[in-house]
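What follows is a short report on a single structure.
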Amino acid sequence: MAEEPTQAEGLESGLAEQMAVRREHLESLARTGQDPFGSRFDRNATAASIQADFGHLPPDGEGGLVRVAGRISSRRGHGKATFMDLVDLSGRIQLYLKIDEVGEDSYRRLDLVDLGDLLTVTGTVFRTRRGELSVRVREWAVAAKALRPPPEKWHGLRDVEVRYRQRYADLLSNAEVRQTFVLRSRILSAIRQYLDHQGFMEVETPTMSALAGGAAARPFITHHNALDMKLYLRIATELYLKRCIVGGLEKVYEIGRIFRNEGISTRHNPEFTMLELYEAWSDYHGMMEITEGILDHVCTHVLGTHQVEVEGQTIDLKPPFARRTMDELLRQHAGVGLNELRQGDRARELARELGIPLADKAHSLAHLIDKIFEATCEEHLVQPTFVLDYPIELSPLAKRQAEDPSLTYRFELFVRGSELANAFSELNDPFDQRERFEQQQALKDVDEEAHPLDEDFLTALEYGMPPTGGLGIGIDRLIMLLTGKTTIRDVLLFPLMRPRVEGPGATGPGQI
RNA sequence: GCGCCAUUAGCUCAGUUGGCAGAGCAGCUGACUCUUAAUCAGCGGGUCCCAGGUUCGAGUCCUGGAUGGCGCACCA
């Protein structure tokens with residue numbers, strides 16, 4: 001071991017110096033016979049369980065023996081006594097180590113512990129003079145040595161780029177980030193629990209296929225070597241799930257990853273998670289009930305409240321939600337109904353009047369109506385609102401209304417001006433479906449996202465699909481709403497980032 | 001794809017009019033047996049994102065680039 005800091009060390013940069021110190025500590029630890037990367041440790045307590053089990057311990061009381069493990073986040077040495085904070089997923093617990101109690105050798109070895117190290121600890125629970133529940137350590141060991149210093153202990157890791165690129169550093173230094181992902185997991189469990197109780201079965205359909213249908217979006221393209229064929233990553237699960245309904249599975253759902261080759265924004269990641277469910281013998285009214293049921297269940301069993309706060313707005317998720325037709329909303333906020341928009345160039349004119357920026361490509365009527373709705377109505381839909389009766393041009397897979405063939409039995413659920421769910425009574429008439437596909441083919445020149453014609457899906461419909469309700473919920477946006485986040489990247493563990501170019505100045509992964 | 005903004009120590013951030021690169025945390029040395037953003041004394045640590053340019057002199061001004069954030073477009 002170096003007696004004094006060498007010249008070389010003195011010249012090293014901050015990080016290299018700190019890593020060198022940690023490496024020396026690791027080696028010294030190994031020399032004392034301790035494995036700096038230990039093995040299994042059977043815990044009988046967590047930070048939170050200690051609070052729960054010994055919360056009523058009197059000031060002079062001494063609780064039972066606990067075995068806890070976690071990361072050292074803070075340390076306050078006092079010569080022959082030391083306090084440390086140990087953090088696990090459940091929370092934080094203070095450790096108290098005194099030279100008289102752990103023994104001199106063990107206490108000296110504490111010099112080899114650095115912030116960020118993972119420790120296993122055995123000791124009794126007591127209350128400090130200041131009243132804080134703590135563990136009086138009898139034995140301790142380094143279970144894994146941290147060779148890199150953790151981010152700043154008080155502010156945590158703030159640099160958003162590093163947070164997303166090195167999420168592990170974000171997670172280990174920001175407890176609230178850990179809690180967001182715990183909550184996401186619980187919400188997904190609750191959704192599955194609710195649907196399973198309603199008699200739905202979870203299925204898995206192909207992520208790759210020769211045709212990307214079920215939505216209007218540009219797909220990712222990949223290639224299968226053995227078959228030497230082009231494959232698309234799915235943009236929706238819809239068409240496969242409906243094949244399941246044809247096959248008699250009656251009530252199916254899939255919570256799956258969807259891939260869309262589109263731009264990236266605070267609300268868009270190239271891959272995202274979508275819940276789609278289909279119920280035979282139901283319709284879009286049934287889907288409204290299920291949508292309300294899912295949200296009610298999650299609010300009740302996960303959040304414990306129906307009020308969520310996002311950017312200072314309070315959203316009330318207590319069902320039933322408002323129900324408004326698209327035509328009604330357009331008349332109210334744009335001053336023009338659907339029928340009028342369909343006439344001549346009215347939609348295009350209005351879009352221009354509203355100053356809607358239109359891309360260079362030509363726009364289908366459906367697209368223009370959608371844009372006008374977006375520009376005039378969406379901002380008013382803050383509290384949960386089902387928007388009903390979408391025009392047929394926007395909905396090539398939805399059932400046509402018997403009373404008005406220009407409309408479909410479809411709704412979208414809006415919250416805070418953005419779409420959270422989309423559902424319709426599924427089109428089960430193979431003749432109508434073929435016509436709609438053909439109309440989409442005609443749009444191909446103006447709309448590159450027009451729906452492809454799926455012959456096998458038509459074949460399935462020809463075997464007979466029962467009247468069916470179908471529903472899609474964007475899970476990431478739901479999680480954003482329920483966790484109060486305004487960026488999709490805050491609810492995705494590993495959002496897509498452009499790779500760092502290697503070279504001088506590059507701060508790629510592993511170079512924090 | 002377009003516009004605006006950001007990038008300074010391991011981390012969180014200051015940096016004036018263009019004039020020697022700063023603080024807190026973390027690290028190192030020492031003191032301290034109930035602290036909790038522990039405290040006290042001392043020390044080290046910089047490709048100021050990269051490449052050019054202007055200037056006696058650039059973290060600071062100009063041009064180009066990289067990455068990111070926000071907004072727009074596309075979309076869910």
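From a predicted model like this one, the values you see are computed outputs, not experimental measurements.
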Tell me the interatomic distance from [X], atom [atom1], to [N], atom [atom2], rounded to whole angstroms.
| X | N | atom1 | atom2 | answer |
| --- | --- | --- | --- | --- |
| A/D490 | B/C70 | CG | C1' | 14 Å |
| A/I99 | B/C34 | CD1 | P | 13 Å |
| A/R23 | B/C28 | CZ | C1' | 18 Å |
| A/D170 | B/G10 | CG | P | 20 Å |
| A/K371 | B/A76 | NZ | P | 10 Å |

With sequence neighbours excluded, residues passing ring pair (Phe, Tyr, Trp, His ring centres under 6.0 Å) with [X]:
| X | value |
| --- | --- |
| A/H380 | A/H333 |
| A/F373 | A/F414 |
| A/F126 | A/Y96 |
| A/Y253 | none |

The complete set of salt bridge (Lys or Arg N to Asp or Glu O under 4.0 Å) pairs with one or both residues in residues 166-181 of chain A, sequence neighbours excluded, reads A/R158-A/E176, A/R163-A/D170, A/R167-A/D170

In short, salt bridge (Lys or Arg N to Asp or Glu O under 4.0 Å) pairs touching residues 47-65 of chain A with sequence neighbours left out are A/E62-A/R136

Pairwise [atom1] distance, [M] and [N] [rounded to whole Å]:
| N | M | atom1 | result |
| --- | --- | --- | --- |
| B/U12 | B/U55 | C1' | 34 Å |
| B/C4 | B/A51 | C1' | 23 Å |
| B/U7 | B/G65 | C1' | 14 Å |
| B/C72 | B/A9 | P | 32 Å |

>> For the base of B/A38 and the side-chain ring of A/F83, does the geometry meet a stacking cutoff of under 5.5 Å between centres and under 30° between planes?
In response: no

So, with a heavy-atom separation below 4.0 Å from RNA chain B, the residues of residues 49-59 of chain A are none

Which part of the nucleic acid, if any, lies within contact of [X], taking any heavy atom under 4.0 Å across all strands shown: a base, the sugar-phosphate backbone alone, or nothing?
| X | answer |
| --- | --- |
| A/A216 | sugar-phosphate |
| A/T266 | sugar-phosphate |
| A/M497 | sugar-phosphate |
| A/R218 | nothing |
| A/N269 | base |
| A/S173 | nothing |
| A/G472 | nothing |
| A/F259 | nothing |
| A/R260 | base |
| A/G474 | nothing |

For [Y], is there an ion pair with [X] - N to carboxylate O distance below 4.0 angstrom?
| X | Y | answer |
| --- | --- | --- |
| A/R108 | A/E104 | yes |
| A/E24 | A/K145 | no |
| A/R352 | A/E349 | no |
| A/R165 | A/E161 | yes |
| A/E426 | A/K242 | yes |

Side chain to side chain contact (heavy atoms under 4.5 Å, CB included) filter on A/E139, not counting sequence neighbours, yields A/T122

Output yes when at least one side-chain N/O atom of [X] is less than 4.0 Å from OP1 or OP2 of [N], else no.
| X | N | result |
| --- | --- | --- |
| A/T487 | B/C70 | yes |
| A/S418 | B/A76 | no |
| A/R76 | B/U35 | no |
| A/R498 | B/G68 | yes |
| A/R130 | B/C34 | no |

Taking N and O atoms by type only, does the side chain of [X] place a donor or acceptor under 3.5 Å from a partner on the base of [N]?
| X | N | value |
| --- | --- | --- |
| A/T128 | B/U35 | yes |
| A/E161 | B/U7 | no |
| A/D159 | B/U7 | no |

Where the side chain of [X] is concerned, which of [options] is the nearest nucleotide?
| X | options | result |
| --- | --- | --- |
| A/R165 | B/G68, B/C70, B/A76 | B/G68 |
| A/Y96 | B/C34, B/C74, B/A76 | B/C34 |
| A/R136 | B/C34, B/U33, B/U67 | B/C34 |
| A/E419 | B/A76, B/C11, B/U33 | B/A76 |

Intra- and inter-strand pairing of RNA chain B, written as dot-bracket with Watson-Crick and G-U pairs under 3.5 Å and | for the latter, reads (((((((..((((.....[..)))).(((((.......))))).....(((((..]....))))))))))))....

Contacts of A/D85 meeting side chain to side chain donor-acceptor pair (under 3.5 Å) (sequence neighbours excluded), chain-then-number -> A/R76, A/R92

Taken in chain and number order and not counting sequence neighbours, the residues that satisfy side chain to side chain donor-acceptor pair (under 3.5 Å) with A/T385 are none

Protein-nucleotides 24-27 of chain B N/O pairs under 3.5 Å:
from: B/G24; atom 1: N2; to: A/E152; atom 2: OE2; distance (Å): 3.4
from: B/A26; atom 1: OP1; to: A/K153; atom 2: NZ; distance (Å): 2.8
from: B/A26; atom 1: O2'; to: A/Q18; atom 2: OE1; distance (Å): 3.2
from: B/A26; atom 1: N3; to: A/Q18; atom 2: NE2; distance (Å): 3.1

Closest to the 5' end of RNA chain B, once A/H78 and A/T486 are matched to their nearest nucleotides, is A/H78

Residue pair A/R158/A/K98 against RNA chain B: nearer the 5' end by closest nucleotide is A/R158

> Is A/R323 positioned over the aromatic face of A/F386, cation under 6.0 angstrom from the ring centre and no more than 45 degrees off axis?
Replying inline: no

